[in-house]
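The structure appears right after this line, and notes come after that.
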Number of protein chains: 2
Amino acid sequence: MFISIDFADDKPIYLQIHDQVIDAIASGKMFSGSVLPSSRQLAAEFGINFHTVNKAYNLLREERYIQFSRKKTAVVSEPSMNEALLQEWDNRERTLLAELVARGVSRQDIVHRVDRLLDTVGLSVENGSKGGGQP
Amino acid sequence: MFISIDFADDKPIYLQIHDQVIDAIASGKMFSGSVLPSSRQLAAEFGINFHTVNKAYNLLREERYIQFSRKKTAVVSEPSMNEALLQEWDNRERTLLAELVARGVSRQDIVHRVDRLLDTVGLSVENGSKGGGQP
DNA sequence: TTATGTGTTATATACGATATAGAACAGATG
DNA sequence: CATCTGTTCTATATCGTATATAACACATAA
């Protein structure tokens, strides 16, 4: 499975699941139409409560990353974006960038660092037909 | 004052203060040696508890952004950075970048967006470090 | 010296978020 | 029918956030 939970991490479990699903989509491991494991199934796999998984799934649905089909199974949605989301993203990104600037990291180093990170995010391509339209 | 508090924001007050101090340093409004207002003083200004301000200050100190002089006043430290901090920053930045990638934003758009954000962060001359010199 | 202001420590309360637990429900599936 | 799905409800326990009050050691200025 593409999800792992670190109980020692201070980050809430439901957020760990939430972020890793987004990461799986970004990296191409999952894409529009991919079916996610059920709440109870995923919960059993990690020995956690299925309500915790539900919380992650519901958040992902509110953010339009996934949706629930009539079969009640969670599936990855078509990518969606809007101005409000971009504005909210900018706020968080700006706060993060300010940390490096405040610590004296040069602008060139920051841009290079972001660029290098983007390399590691989308290692898609391989693995079946990605980008060839929707399944 | 370079700090404002939004009680409607879901972000904790102590984190709002924390992030805005870092932003002030990044933008050059504060730099090494700048004196921050006292906990009780800043708390009174916004009608909040001084323990809340203390929580923000102590976090900033643990992160080496500020320190407390023998006079017990909080002052901005010299910029510091290390590998562990960079690694931790990468993790958070990667999660943030994955959101845009998962939503279908092109790599070029993301880089351009980050570059534009960096314009708004450091409105202090060059980067690399604000001059000023230290006392 | 006295008075004031600083960060620090301690105890206490209140509230929301996180996580767990168990039960029951409607709808789809085989 | 039996099973699985997400959903809803109630309940509990724990932690983080925020406030409140008190007291302390230290530094500063009157």
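The sequence lines fix the lettering, A, B, ..., with proteins before strands; numbering per chain opens at 1.
For the 3.5 Å distance criterion, the side chains of A:K71 and A:T73 fail to qualify, holding no donor opposite an acceptor. A donor atom on one side chain and an acceptor atom on the other are found under 3.5 Å apart for B:N58 and B:R61.
With D:dA18, C:dT20, D:dT7 as the candidates, the nucleotide lying closest to the side chain of A:T52 is C:dT20. Among C:dT8, D:dT7, C:dT20, the nucleotide with an atom closest to any side-chain atom of A:N58 is D:dT7. Closest to the side chain of A:Y57, out of C:dG7, D:dT5, D:dG6, is D:dG6. Residue A:K71 has its side chain nearest to C:dT29 when only C:dT29, D:dG16, C:dT8 are considered. In this structure, the nucleotide among C:dT20, C:dT8, D:dT7 sitting nearest to the side chain of A:F50 is D:dT7.
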Full working for side chain to side chain donor-acceptor pair (under 3.5 Å) between A:D19 and B:T95: CA-CA 7 Å; A:D19 291 349; B:T95 299; 4.8 Å; no
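A:Q41 places its CD atom 11 Å from the P atom of D:dC4, with the value rounded to the nearest Å. In this structure, A:N54 atom CG and C:dG22 atom P are separated by 16 Å, rounded to whole Å. The distance between atom CG of B:L42 and atom C1' of D:dA18, rounded to the nearest whole Å, is 15 Å. A straight line from CZ of B:R61 to C1' of C:dT8 spans 9 Å, rounded to a whole angstrom. Atom-to-atom, CD1 of B:I5 to C1' of D:dT19 comes out at 13 Å; the value is rounded to the nearest Å. Separating the CD1 atom of B:I13 from the P atom of D:dG16 is a distance of 18 Å, rounded to the nearest angstrom. Note: CD (A:E62) to P (D:dT7) measures 11 Å, nearest angstrom. For B:L59 and D:dT17, the CG to P distance is 10 Å, given to the nearest whole Å.
Across all strands, A:Y14 comes closer than 4.0 Å only to sugar-phosphate atoms, never to a base (heavy-atom distances). In this structure, A:T73 reaches neither bases nor backbone, as no heavy-atom distance under 4.0 Å exists between it and the strands shown. Base engagement by B:R40 is indicated by at least one non-hydrogen atom pair under 4.0 Å involving a base atom.
The cationic atom of A:K29 (NZ for Lys, CZ for Arg) does not lie both less than 6.0 Å from the six-membered ring centre of A:F2 and within 45° of the ring axis.
Comparing A:G47 and A:R70 against DNA chain C, the residue whose closest nucleotide sits nearer the 5' end is A:G47. Toward the 5′ end of DNA chain D lies the nearest nucleotide of B:K55, the other residue of the pair B:K55 and B:H51 mapping further downstream.
Between the side chain of A:R40 and the backbone N or O of A:N49, no donor-acceptor pair lies under 3.5 Å.
For the pair A:S38 and D:dT5, the criterion of a side-chain N or O lying under 4.0 Å from OP1 or OP2 is met.
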